[in-house]
Number of protein chains: 2
Amino acid sequence: MPRTPIWKSIADDLSGEIADGLYLPGDKLPTEAQLAARFGVNRHTVRHALSALVEAGTVHTRRGAGAFVAQTPTDYPIGKRVRFHQNLRAAGRMPTRQVLSFTTRLASPEEREALGLKPDDQVHAYEGLSLADAQPIAIFRSVFPATPFPDLPAAFEASGSVTAALKDAGVADYTRAWSRLTATLASATQALHLRIAEGDPLLRSDGLNVDTTGQPVELGRTWFAGDRVTLTLSEED
Amino acid sequence: MPRTPIWKSIADDLSGEIADGLYLPGDKLPTEAQLAARFGVNRHTVRHALSALVEAGTVHTRRGAGAFVAQTPTDYPIGKRVRFHQNLRAAGRMPTRQVLSFTTRLASPEEREALGLKPDDQVHAYEGLSLADAQPIAIFRSVFPATPFPDLPAAFEASGSVTAALKDAGVADYTRAWSRLTATLASATQALHLRIAEGDPLLRSDGLNVDTTGQPVELGRTWFAGDRVTLTLSEED
DNA sequence: CGAGATTCCTATACAACTAGACAAGTGATA
DNA sequence: TATCACTTGTCTAGTTGTATAGGAATCTCG
């Protein structure tokens with residue numbers, strides 16, 4: 001008669017309470033010490049239970065911060081040609097962008113090459129997180145040449161939107177000059193942002209946007225969480 | 001879970017950006033608070049990373065003023081990697097291929113779905129390696145419906161080329177109906193074929209080819225070695 | 001049955017990270 | 001000059017991650 005392990009019963013209890021809505025997605029669970037006290041077991045036993053929930057995708061943990069109820073993990077289809085947001089909206093997801101940083105700095109050699117800049121030229125670098133239903137989907141970094149758009153940071157500050165800020169700067173429309181795709185592994189910080197493990201696969205998409213006159217406007221690089229995202233290309237787009 | 005401490009990963013990121021010339025000697029780095037926001041960590045973690053850079057002599061800090069790139073920055077060696085650029089459109093028609101297997105079997109549910117087959121329908125499965133400069137670039141698996149092409153194996157045996165064999169079967173031309181891209185990790189066997197390490201990143205491309213009448217001809221799946229290959233999307237794709 | 005291996009759980013210690021608060025120093029401005 | 005917002009330095013406290021060690025129950029196989 002195989003007795004059910006305590007950690008399993010704890011895991012069942014917790015996932016039941018989560019399913020009952022006792023803890024909503026994003027909520028913090030009690031600390032391991034509190035749970036250990038509540039169930040009258042060692043912290044390690046609680047950890048075993050929690051790691052089972054992490055494995056199942058029910059919760060996700062952040063060292064030093066706590067364990068949090070995860071959003072429902074699903075696969076997000078993303079079209080290439082269509083705008084990222086509209087695509088997710090169509091799929092019934094709530095798309096969000098979270099700004100991580102917006103700085104002005106010197107351009108790297110690769111950025112100079114792609115944007116056609118001179119050695120001392122500066123760029124605006126915009127980094128952020130793309131989320132769907134509060135689930136991180138991708139990390140992006142956009143780089144804009146600073147010379148043609150000196151007021152971009154201010155305009156971005158005011159409107160909170162890059163597209164709006166670009167419009168203010170006179171760029172009504174732009175098109176994709178090229179896209180390049182490759183696969184990489186998540187670094188520790190990338191994994192942290194995307195709430196995945198270090199070494200998980202990422203789909204990296206690089207692209208250059210140019211205005212109607214062919215002048216480079218934006219050099220973008222996006223890292224998609226490989227196990228959450230599928231990039232779809234269809235002939236119709 | 002994080003094999004690499006986050007502070008170390010941050011330190012690597014920052015020293016890489018300094019090496020890339022984003023910040024020149026004497027330049028001020030973003031404030032600890034800004035970096036903490038960008039990397040999504042606590043300020044203490046950023047401080048840990050910065051103190052490692054100070055230790056290494058890359059930057060120096062002044063209380064109340066900021067962190068500055070040291071005058072004698074240690075430029076670090078850039079590993080020159082040869083990257084193979086591959087157009088997604090042409091991906092199915094690589095010059096040098098190595099046949100791993102050519103079998104006829106029942107279709108899987110996914111294959112039935114994509115090719116529009118009935119439960120008992122059979123398919124020809126063609127697996128192989130794509131090579132460039134005698135180096136394995138990708139693993140591919142193509143699946144053809146057996147009913148329209150009963151003689152494909154024989155024709156392939158004779159000509160050694162799938163395109164030629166298809167032509168014999170009356171398919172003069174075909175086009176790509178859709179492509180789906182995602183990132184995965186290399187399994188042990190995949191790693192062996194591609195001569196990479198298990199757990200290295202792979203770029204997985206799924207695609208369906210249809211003939212001029214819209215009839216499915218080939219369902220393909222290709223795993224590109226992420227370290228070696230960049231997929232380029234032209235505007236027509 | 002019995003010995004060894006495996007699983008389950010406890011216990012301890014330390015490293016990594018978060019959180020908040022306050023002191024000390026800088027730089028710009030009135 | 002005095003002030004004030006901002007930045008770095010330091011401190012305390014709490015939480016999760018990992019490593020090690022060991023005891024007890026259970027499973028496996030000769």
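Below, chain A is the first sequence line, B the second, and so on; all start at residue 1.
With hydrogens and angles left out, the side-chain atoms of A:Glu198 and B:Thr4 include a donor and acceptor closer than 3.5 Å.
Remark: B:Arg38 engages A:Glu127, B:Glu17 in a salt bridge (charged side-chain N to carboxylate O under 4.0 Å, His left out) (not counting sequence neighbours). Not counting sequence neighbours, the partners of B:Arg47 by the side-chain hydrogen bond (donor to acceptor under 3.5 Å, both in side chains) test are B:Glu32.
Note on B:Thr45: a side-chain N or O is less than 4.0 Å away from OP1 or OP2 of C:dT18.
Salt bridge annotation for A:Glu110-A:Arg221: absent, with no cationic side-chain nitrogen under 4.0 angstrom from a carboxylate oxygen.
Spacing between atom CD of A:Glu198 and atom C1' of D:dG17 amounts to 14 Å, rounded to whole angstrom units. The distance between atom CD1 of B:Ile6 and atom C1' of C:dA15, rounded to the nearest whole Å, is 13 Å. Remark: P of D:dG17 and CG of A:Leu35 are 13 Å apart, rounded to the nearest angstrom. Going from atom CZ of B:Phe39 over to atom C1' of C:dC17 covers 16 Å, rounded to whole Å. The nearest whole Å value for the distance from the CD1 atom in A:Ile10 to the C1' atom in C:dC9 is 10 Å.
Within the cation-pi definition used here (under 6.0 Å to the ring centroid, within 45° of the axis), A:Arg195 does not qualify as a partner of A:Phe68.
Legend: side chain to side chain donor-acceptor pair (under 3.5 Å) pairs involving residues 141-156 of chain A, not counting sequence neighbours, sorted by first then second residue: A:Ser142-A:Glu218. Legend: ring pair (Phe, Tyr, Trp, His ring centres under 6.0 Å) pairs involving residues 10-53 of chain B, not counting sequence neighbours, sorted by first then second residue: B:Trp7-B:His48.
Side chain of A:His48, nearest nucleotide from C:dA19, C:dC17, C:dC8: C:dC8.
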*asked:* Pair A:Ser187, A:Thr189 - check side-chain hydrogen bond (donor to acceptor under 3.5 Å, both in side chains), show working.
replied: CA-CA 6 Å; A:Ser187 73; A:Thr189 49; 3.2 Å; yes
Polar pairs (N or O, both sides) under 3.5 Å between protein and nucleotides 8-13 of chain D?
unit_1	atom_1	unit_2	atom_2	d
D:dT8	OP2	B:Glu32	N	3.0
D:dT8	O4'	B:Gly64	N	3.0
D:dG9	OP1	B:Thr61	OG1	2.9
D:dG9	OP2	B:Arg47	NH1	2.8
D:dG9	O4'	B:Arg63	NE	3.0
D:dG9	O4'	B:Arg63	NH2	2.9
D:dG9	O6	B:Arg43	NH2	2.7
D:dC11	N4	B:His44	NE2	2.8

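Near DNA chain D, meaning a heavy atom under 4.0 Å away, there are no residues from residues 122-129 of chain A.
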